[in-house]
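The sequence lines fix the lettering, A, B, ..., with proteins before strands; numbering per chain opens at 1.
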There are 2 protein chains.
Amino acid sequence: MRRDIFQAIADPTRRAIITLIALQAMTPKAIANNFNTTRQAVSKHLRILTECELVKQEQKGREIYYSLEIEKMKEIDNWLEQYRKIWESRFNELEKVLAIP
Amino acid sequence: MRRDIFQAIADPTRRAIITLIALQAMTPKAIANNFNTTRQAVSKHLRILTECELVKQEQKGREIYYSLEIEKMKEIDNWLEQYRKIWESRFNELEKVLAIP
DNA sequence: TAATTGCGAAACCAATTGATTGCAAATATA
DNA sequence: TATATTTGCAATCAATTGGTTTCGCAATTA
């Protein structure tokens, strides 16, 4: 059961959850109310997101508030870095061609 | 058969293929030789990558060269933008706290 | 021309995934 | 204390996934 961040964000519902809790912590029930799905399904998604440390939880009484571990998102950014270099260098190539002498 | 870029990069083999063909076009056979897998398996991955327009192909005789459609990778970058804003703003908050008056 | 090579596609299989249902535990409220 | 609410977790099911095997087609080579 290998969890990695790329697998975690592959599911559209999980991406929606991430968007939802990026700015404010929410309970599973509150999250489920925002989608056309059940609490249990959301709970499973939250579990997957927690397993790959994309989400952290804070218990308050019987409620559990989930919020995004924004630092973890940087991993995607880091992976993307190698490709960003490529498209930036290609852009520079294009600039050279278009440059007025 | 919904193909989207996030699902495409979820698989580690596909990410490895993307890395491999990012800088130079390669045939399925050449790609397969770089991994511990068959040409047919690579072929299936390439099909998925092609379906979501992450990869383009160029026929040369009986060989087909696959290369990365780098522009498509920007879609991930665009999606990440909303979160980049968050972690940058948090960093600025931190800076304010740490700032020497 | 005949054999070989590179390829995609279809058929198939085991493993995984996402969703649902049902349940028990913990907390809150009457 | 009795009841309702919020939750995680296990069992189950249908659909999807990644891989293999096999096949036929087109291009190259002998």
Looking at [X], I'd like to know whether one of its side-chain N or O atoms comes within less than 4.0 Å of OP1 or OP2 on [N].
X	N	result
B:T27	C:dC7	yes
A:K29	D:dT6	yes
B:H45	D:dT17	no
A:T38	C:dA19	no

Between [X] ([atom1]) and [N] ([atom2]), how many Å, whole number?
X	N	atom1	atom2	result
B:Q7	C:dT16	CD	P	17 Å
B:N36	D:dG18	CG	P	17 Å
A:D11	D:dT17	CG	C1'	14 Å
A:E58	C:dT27	CD	P	16 Å
B:R47	D:dT16	CZ	P	14 Å
A:Q59	C:dT27	CD	P	7 Å
B:R15	D:dG18	CZ	C1'	15 Å
B:E63	D:dA27	CD	P	13 Å

Checklist entry - Is there a side-chain contact between A:R15 and B:F6, using heavy atoms and a 4.5 Å cut-off? => result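 Yes. Closest side-chain heavy atoms under 4.5 Å.
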_Are B:E53 and B:E69 packed together at the side-chain level, in the sense that at least one heavy-atom pair is separated by less than 4.5 angstrom?_
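No - every pair of side-chain heavy atoms lies 4.5 Å or more apart.
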- 5′-ward residue of the pair A:K44/A:Y66 relative to DNA chain D: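 Here A:Y66 is the residue nearer the 5' end.
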Q) Is there a path from B:I48 to B:L20 through hydrophobic residues (I, L, V, M, F, W, Y) whose side chains come within less than 4.5 Å of each other? A)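 Different hydrophobic clusters.
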message: Counting neighbours of NZ on A:K74 that are heavy atoms of other residues, nucleotides or ligands and sit closer than 6.0 Å, is the number greater than 12?
response: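 Yes, NZ of A:K74 has more than 12 neighbouring heavy atoms, counting only those of other groups under 6.0 Å.
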**Prompt:** Under a 4.0 Å N-O cut-off, is there an ion pair linking A:E75 with A:K72?
**Reply:**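 Yes, A:E75 and A:K72 are salt-bridged.
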Comparing A:G61 and B:Y65 on DNA chain C - which has the more 5′ nearest nucleotide:
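Nearer the 5' end of the strand: B:Y65.
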Between the base of [N] and the side chain of [X], is there any donor-acceptor pair under 3.5 Å?
X	N	result
A:R62	D:dT7	no
B:Q40	D:dT22	yes
B:R39	C:dG8	yes

| query | From C:dG8, D:dG18, C:dT20, pick the nucleotide closest to the side chain of B:I64? | reply |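 That would be C:dG8.
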